[in-house]
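What follows is a set of notes on a single structure, which appears directly below.
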Amino acid sequence: MSVLNSKVPEGPIKDKWTNHKNKINLVNPANKRLIDVIVVGTGLAGGAAAASLAEMGYKVKAFCFQDSPRRAHSIAAQGGINAAKNYQNDGDSVYRLFYDTVKGGDYRGREANVYRLAEVSANIIDQCVAQGVPFAREYGGLLDNRSFGGVLVSRTFYAKGQTGQQLLLGAYSAMNRQIGKGKIEMFNRHEMLDLVVVDGKARGIIVRNHVNGEISRHSAHAVVLATGGYGNVFFLSTNAMGSNVTAAWKAHKKGAFFANPCYTQIHPTCIPRSGDYQSKLTLMSESLRNDGRIWVPKNIEDVEAIRSGKKKPTELSEDERDYYLERRYPAFGNLVPRDVASRAAKERCDAGYGVNQTGEAVYLDFSSAIQRYGKEAATVKGEKNATKERITELGEEVVRTKYGNLFQMYEKIVDDNPYKTPMMIYPAVHYTMGGLWVDYNLMTTIPGCYAAGEANFSDHGANRLGASALMQGLADGYFVLPYTIGDYLADEIRTGPISTDTPEFEAAEKAVRGQLETLMNIQGTKSVDHFHKRLGKVMWDKVGMSRNAQGLTEAIAEIRQIREEFWKDVKIPGGLNEFNPELAKATKVADFLELGELFAVDALSRNESCGGHFREESVELDGEQKGEAKRDDVNFKYVAAWEWNEDPGAANLHKEELEFKDIELKQRSYK
Amino acid sequence: MSEKGMNLTLKIWRQKDSKSKGKMETYPVTNISEHMSFLEMLDVLNEQLVEEGKEPVAFDHDCREGICGMCSLHINGEAHGPDRRVTTCQLHMRMFNDGDTIHIEPWRAKAFPVIKDLIVDRSAFDRIQHAGGFISVNTSGNTIDANAIPIEKEDADEAFNAATCIGCGACVASCKNASAMLFVGAKISQFSLLPQGQVEAKNRALNMVKQMDLEGFGNCTNTGACEVQCPKGISLDNIARMNRDFLSASVKK
C-alpha cells in the first residue's frame, strides 16, 4: 500500500468540505496566542494565509525575499479570477467550475480538492469586494465578467489587465492590518535557505537577510510554504527574476515529497524572444483570446515575404490566412485551453509557418473584433452610414477600454502598434502545476509543514485553466489552510515555545553556512547566469513543449554535467556578509540544477501525454482526434510523488492513485 | 532599424552599504541592441564585471514587466528615465543614441536611505500602510454578496485608477521636497471612493498622513513633477482628495 494518505473525507463530494470543517479539531483563542506559525512567501496564498492566521489569533512570522510583501509575483497576474457566481445567468454552477477544472487539468488533479476550490470560489469575490478590490463594473454598478480558455461560460472577474495586483493589494492590506496590530512580524528581503525538522515535525526555518548576509533561526509550531512555482528552471519564463524553487526544494530534501514536477504550463500568448540578451519573457493576457484571432499565412510564400519585409500581414486576404485554432477546434476555437493552443502554435511554427525572423511567432489579430465592436458602437450612436474609418475608430476605442494597458505594454516592448498590425506571440513557460505533494489539509509529507498556492500540486492536474491560479491562491490562503491547520495545531497546545537552541537548528544553520562558504570559495571562471542559461536551454529543447524518451535521457545526463561544472567553476564576486545579489542567485540556481534533473526523470517515467506534458510517443494515431495528445489512464492515472534519496536522479517514486467518482474519465475534446 | 549596436558611457552611483560614502563610477558598454530593456543593458554590464572579477552593480528588480514596482532607477535626472508611463524595466534602449552618456542614480530621499549602489530602503511606504492602508474586514468570506452594493462605474473606475499605483516611489524621487503625497493620496483615494472604505475614511486619512510625516517625507508644493514621472499616471486629483479627507477629519475631531 502507498505511504501516501490523501486524507480525503468520506461522503458525497458536495458535503466533504462542510463535514470536514465540522469535525476538524479547533484551537481555543487563548491557546492560539501561544502558537507560532511561520509563513514563507507573501503572494496571494501566503499573504492571505498570514493575514487570516494572525486574525484568528496565532502568532505569525511572515517572510519574503522582495523589499515588500506587496511585490510577490502574484502581482503580475493579468487576466482575472474565476468564481462560480453565475452573475451572467449563463448556467454556471459550482459543479461546472469543478468539472471544467478537472477536465482542463486532463484528469490528473484530485477531485475532492478541486470541488472544494470551486465551492469556496464565490466567497473569494465577496471577500475581495469587502476589502476594497476595485473589480471592473458595468454601468448598472454590478460586477462585470469575461470568458477564458477551456470553458463555455463567463465566470472571470477582473480589474483591467492587472487583476493580480489588485487581489494582492487586497491580501497585503489584510496583512497590513495585522502587522499594524503586532500580530504579524514581517521580514522583508529574507530568503528561506532551509527547513528545520525536529523529531519528524517541521519546527522552523533558517533564513538569510539579503541586506547584510546575516543568517538567523526562526522556530514555530507549523511552517507554511507559499513560495510559488519553479518555472525559472527554464531560465526564460514569464516568472519574476527572483522566483525560485529553493524553499520547496529544501523541504523536499528534508522529507517532503515532490509531486508531478514535469507538469509545466507553457502559455500560448507571450511576446516572442528577440535576442540572446533576453532576461525574461512577457505574457500577454489570455483574456486577449476573447477578441483576438490567431493565425499564420496559408501559403509558405507569404511567410517568406512577411519575414523578408516584402509583405505586411494586413495585406493578406481572409482566404490567404490559416486560423488554425478555429480550423482544428471549431467548438472552442481561439478559446481552447492553454496546452492545446501552445502545441498548435508550435506545430505551425515547426512546419515553417512562423512569421518572424526566428520562425517562432504567430499572429494574434484584433481587426475582426475592432470591426465588430465598431459596428455595434455606430449602431448604438445612431450613425447608420458610418464610414469604414469611423467604424475602425469606434472599434479601436472599445478595444482600448478593454485591453488598453496590455496593448500599451506590447507597444512599449515591441515598438509596433497592435491596433494597426496584428500582435506577434509565441508560447512561453508560465506556471508549474507540479509542486510539493499535499493531503486534503494541504499538509506535505512532513508533519507540520504545509504548502499552499502554486507551491503545491493539488488542484490543476496536468494543465491549469486561465484565471484559476488566483482563485487557488486565495482559496488556500483565506479559506482552506486557516481551518485545516487547526487540526494539527490542536495537538500542539501543550508544546510551549520552541527553542532554536537545539542540535537540529544548529545542524541546519551549519549546513546553510557551509553551502554559502563553499559557493563563495569556488572562485571559478563563469558567472551564475552562464550556468542558468545552459540549464534553461536543455530544459526548453528537451523537456519543453514536446518530449521524448531519447531527449529526456540526454537531458538528464546534460543537467548532471552542468551541475558538476557549476560546483567547480562558478564565480561569485563580493563577500558573504553583505548584500550580494550574485550569491543569492547562486543558491537558487544550485537548487534549479537539482530540480531540473528530477523534472526530466518524472517526464521520462510518465510515458503518456496529458495536459502540458506531451510525450511524442503517445499520440492518437487515427480518427477525429488524430495527432492529438493521448492520455493513458490504465497505466498513469496517478500522482507521481518523489521522495528524496541522496541524489535528484535517485528519487523514489510513490504513487497516489487518482479516483474519479463524480466525473467520468474521457478524452478531452475541444473539437 | 540599425543592425549595429550602440556604444554608451554609463556613470553609475556605487555605494558599498548604508554606512559607506558613495560616488559615481564610469563604465563603458558596447554593442547594445536598441531592443534591449534598460535592465538587460545593465545585465550585460554586470556579466562583464563578473567576468573581470569585479563586483556587479546592485539594483532592485523582479517582475520586469512594469507591475511589481521593485525597479527604481533615476536615469539622467528622471525617475524611470526619459520615456513616459513606463517603469525602468520597461524602458527600452531605443530611447537612447549611440555615444550617449547615461547617469544612473538611486532614488534620492531622506526617507529612502541607500542600502547598496542603486538599491534604497522603501519600507517607509509599508509602514504608512500599516497605519491605515486597509478596510477593517475579517477574512472569513462571510461578508455580504459582492453584488449587494452596486457601485457607480465612474467611482469604481476612479478607485481602480488610484489603485494602479505600484508603490515604486518615483513620485518621491522626482519631488524636490521628497513628498510622498501622490502615493499616500492614491492609497487613501482608492478606499474612500468605495462605499466599503467610506466607513473608516477619516481615521484612515489621519493615521496615514501622521505616519507619512513621521517617516520624514516632505510637503507638497504643487509642482506636479510626481504626476509627470509616475509610471502609472496617478493623477494629482488624489492629493486633493487626501487633503479633503484629512481636513474634514481634522475639523470633526
Side-chain angles (χ1 to χ4, degrees), chain A residues 48 51-52 55 66-68 70-71 73 75-76 87 120 123 125-127 129-132 134 137-143 159-160 162 165-166 169 173-174 176-177 179-180 188 211 240-242 274-275 277-280 282 408-409 412-413 415 478-479 527 529 571 573-574 578-579 581-582, chain B residues 17 33 35-36 39-40 43-44 47 50-51 53-56 58 60-70 86 90 92 94 115-116 119 122-123 125-126 129-131 133-139 141 143-147 150-153 156 159-160 163-164 166-167 190-191 194 196-197:
Chain A
S52 303
E55 183 185 297
Q66 299 87 349
D67 81 327
S68 164
R70 77 169 300 286
R71 306 202 200 282
H73 193 53
I75 200 132
Y87 282 160
V120 303
N123 294 97
I125 304 305
D126 299 343
Q127 180 65 44
V129 168
Q131 286 170 342
R137 287 178 184 268
E138 295 167 342
Y139 281 101
L142 302 180
L143 294 162
K160 276 206 182 148
Q162 51 164 271
Q165 156 152 273
Q166 296 313 322
L169 290 179
S173 73
N176 284 332
R177 183 168 164 236
I179 295 172
N188 299 343
V211 177
M241 302 298 286
S274 63
Y277 50 78
Q278 199 144 347
S279 60
K280 79 153 278 174
T282 304
Q408 186 228 13
M409 181 156 87
K412 286 288 179 193
I413 293 173
D415 201 20
Y478 282 139
F479 306 134
S527 71
D529 277 353
K571 180 177 189 171
E578 61 185 42
F579 205 121
E582 287 295 309
Chain B
D17 52 39
S33 155
H35 296 299
M36 276 184 195
L39 296 184
E40 283 165 351
D43 289 343
V44 170
E47 189 77 12
V50 172
E51 267 170 33
K54 293 180 188 151
E55 263 202 68
D60 261 335
H61 64 105
D62 201 25
C63 79
R64 296 208 178 188
E65 49 188 81
I67 194 75
C68 77
M70 194 107 171
V86 293
Q90 292 177 301
H92 277 70
R94 63 181 82 97
I115 294 175
K116 178 170 184 162
I119 296 180
R122 284 170 288 191
S123 52
F125 270 11
D126 280 336
Q129 294 181 88
H130 301 161
F134 48 80
I135 289 172
S136 298
V137 56
N138 281 354
T139 61
T143 58
I144 53 172
D145 185 86
N147 261 348
I151 301 175
E152 261 185 67
K153 184 169 164 52
F160 172 80
T164 55
I166 55 172
Q190 180 205 336
F191 293 121
L194 299 169
Q196 291 85 354

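Labels below follow one simple rule: chain letters A, B, ... track the order of the sequence lines, proteins then strands, and each chain is numbered from 1.
- Under the 6.0 Å distance and 45° angle rule, B:K116 does not count as a cation-pi partner of A:F579.
- Between chain A and the residues B:R94, B:Q196, B:E152, the most heavy-atom pairs under 4.5 angstrom are made by B:R94.
- Looking at B:F191, the atoms closer than 4.5 Å to chain A (heavy atoms on both sides) all sit in the side chain, from C-beta outward.
- For B:E40 against B:M36, the heavy-atom pair with the smallest separation is OE1-CA, 3.7 Å.
- Summarising the geometry of A:D126 relative to B:G141, their closest heavy-atom pair is CB-O, 4.4 Å, with the distance given to 0.1 Å.
- Both the backbone and the side chain of A:Q131 come within contact range of chain B, with heavy atoms under 4.5 Å apart.
- Side-chain atoms of B:D126 and A:S68 include a donor-acceptor pair closer than 3.5 Å.
- If you measure heavy-atom distances from B:V86 to chain A, the contacts under 4.5 Å come from the side chain alone.
- For a residue to count as touching a neighbouring chain, one of its non-hydrogen atoms must lie under 4.5 Å from one of that chain's; by this rule A:Q278 touches chain B with backbone and side chain alike.
- Of the two parts of B:Q190, only the side chain, counted from C-beta on, holds a non-hydrogen atom closer than 4.5 Å to a non-hydrogen atom of chain A.
- Looking at every heavy atom in both residues, B:H130 comes nearest to A:I179 through CE1-CG2, 3.4 Å.
- Heavy atoms closer than 4.5 Å to chain B are found in the side chain of A:N188, but not in its backbone.
- Separating the OG1 atom in B:T164 from the CD atom in A:Q162 is a distance of 5.5 Å, to the nearest 0.5 Å.
- With values rounded to the nearest 0.5 angstrom, B:C63 atom SG is found 10.0 Å from A:R71 atom CZ.
- From B:H35, atom NE2 reaches atom NE2 of B:H92 across 9.0 Å, with rounding to the nearest 0.5 Å.
- Rounded to the nearest 0.5 angstrom, B:C68 SG and A:I75 CD1 are separated by 7.5 Å.
- For the options B:D60, B:I119, B:V137, B:T143, heavy-atom pairs under 4.5 Å to chain A are most numerous at B:V137.
- Using a 4.5 Å cut-off between heavy atoms, B:A131 makes no contact with chain A at all.
- Interface summary for chain A: among B:T139, B:I135, B:D17, B:V50, the most heavy-atom pairs under 4.5 angstrom belong to B:T139.
- With a 4.5 Å cut-off on non-hydrogen atoms, A:L169 touches chain B through its side chain but not through its backbone.
- For a residue to count as touching a neighbouring chain, one of its non-hydrogen atoms must lie under 4.5 Å from one of that chain's; by this rule B:L39 does not touch chain A.
- The heavy-atom pair separating A:P134 from A:A159 by the smallest distance is O-CB, 3.7 Å.
- The part of B:D43 that comes within reach of chain A is its side chain, from C-beta onward, which places non-hydrogen atoms under 4.5 angstrom from that chain.
- For the residue pair B:E65 / A:T282, no side-chain donor-acceptor distance below 3.5 Å is found, with atom types taken as modelled.
- Only the side chain of A:F479 comes within less than 4.5 Å of a heavy atom in chain B; its backbone stays farther off.
- No other option in B:A146, B:A156, B:P150 has as many heavy-atom pairs under 4.5 Å with chain A as B:A146.
- From B:S136, atom OG reaches atom CZ of B:F134 across 5.0 Å, with rounding to the nearest 0.5 Å.
- Contact annotation for A:E582: only side-chain heavy atoms (C-beta onward) come within less than 4.5 Å of a heavy atom of chain B.
- Heavy-atom pairs under 4.5 Å with chain B peak, among A:S274, A:A174, A:G140, A:S52, at A:S52.
- Across B:L194, B:I166, B:I115, the residue that shares the most heavy-atom pairs under 4.5 angstrom with chain A is B:I166.
- Note on A:A48, A:S279, A:G132: by heavy-atom pairs under 4.5 Å with chain B, the leading option is A:S279.
- For B:Q129, the parts lying under 4.5 angstrom from a heavy atom of chain A are both the backbone and the side chain.
- The shortest distance between side-chain heavy atoms of A:V211 and A:E578 does not fall below 4.5 Å.
- Looking at B:E47, only its side chain comes within 4.5 Å of chain A, counting heavy atoms on both sides.
- We find the CE-NE2 distance between B:M70 and B:H61 to be 8.0 Å, quoted to the nearest 0.5 Å.
- Residue with the most contacts toward chain A among B:R122, B:Q90, B:E51: B:R122 (heavy-atom pairs, distance under 4.5 Å).
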Could you go through A:Y87 and A:L142, starting from their C-alpha distance and side-chain angles, then the distance that decides it, and tell me whether this counts as side-chain contact (heavy atoms from CB on, under 4.5 Å)? CA-CA 9 Å; A:Y87 282 160; A:L142 302 180; over 6 Å; no
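- If you tally non-hydrogen atom pairs under 4.5 Å between each of A:A130, A:G180, A:G242 and chain B, the highest count goes to A:A130.
- Of the listed residues (A:H73, A:M409, A:E138, A:Q166), the one with the most heavy-atom contacts under 4.5 Å to chain B is A:Q166.
- For a residue to count as touching a neighbouring chain, one of its non-hydrogen atoms must lie under 4.5 Å from one of that chain's; by this rule B:I151 touches chain A with backbone and side chain alike.
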